[in-house]
Amino acid sequence: MEKANRSIGCTVSQCAHHCGSQDYCSLDQIMIGTHEANPTMDQCTDCKSFRLKK
């Protein structure tokens, strides 16, 4: 299992970087982006570091 980065909380267990039973990301850094031209809500943002767990 990857080492949990306690600075990056995450509840997306479908991501390859998720730390199993711990709600943390294993990456040292993540990239946040948007799919909107003018984001105004948190739903407009995306974790660009997401990778589907195989």
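We use all heavy atoms of the structure for the numbers below, so side chains are in, but hydrogens, waters and symmetry mates are not.
Surrounding CD of Gln29 are at most 12 heavy atoms belonging to other residues, nucleotides or ligands under 6.0 Å away.
Scanning all heavy atoms of the two residues, the minimum distance from Asn5 to Tyr24 falls at O-CD2, 3.6 Å. When all heavy atoms of Thr34 and Pro39 are compared, the closest pair comes out as OG1-CB, 3.6 Å. Arg6 approaches Gln22 most closely through the heavy-atom pair NH2-OE1, 3.2 Å. Gly33 approaches Lys48 most closely through the heavy-atom pair N-CG, 3.7 Å.
Leu52 and Val12 fall within a single hydrophobic cluster, where Ile, Leu, Val, Met, Phe, Trp and Tyr side chains are chained together by heavy-atom contacts under 4.5 Å.
Interatomic distance, Leu27 CG to Ser7 OG, rounded to the nearest 0.5 Å: 12.5 Å. Taken from CD1 in Ile32 to CG in Asp46, the straight-line distance is 8.5 Å, to the nearest 0.5 Å. Atom-to-atom distance recorded for Cys47:SG and Ile8:CD1 is 8.5 Å, nearest 0.5 angstrom. The distance from the OG atom of Ser26 to the NE2 atom of His18 is 9.5 Å, given to the nearest 0.5 Å.
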Subject >> side-chain contact (heavy atoms from CB on, under 4.5 Å) between Ile30 and Cys25, intermediate numbers included >> reply: CA-CA 9 Å; Ile30 61 171; Cys25 182; 3.9 Å; yes
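Thr11 places no side-chain N or O within donor-acceptor distance of the main-chain N or O of Asp23, the cut-off being under 3.5 Å.
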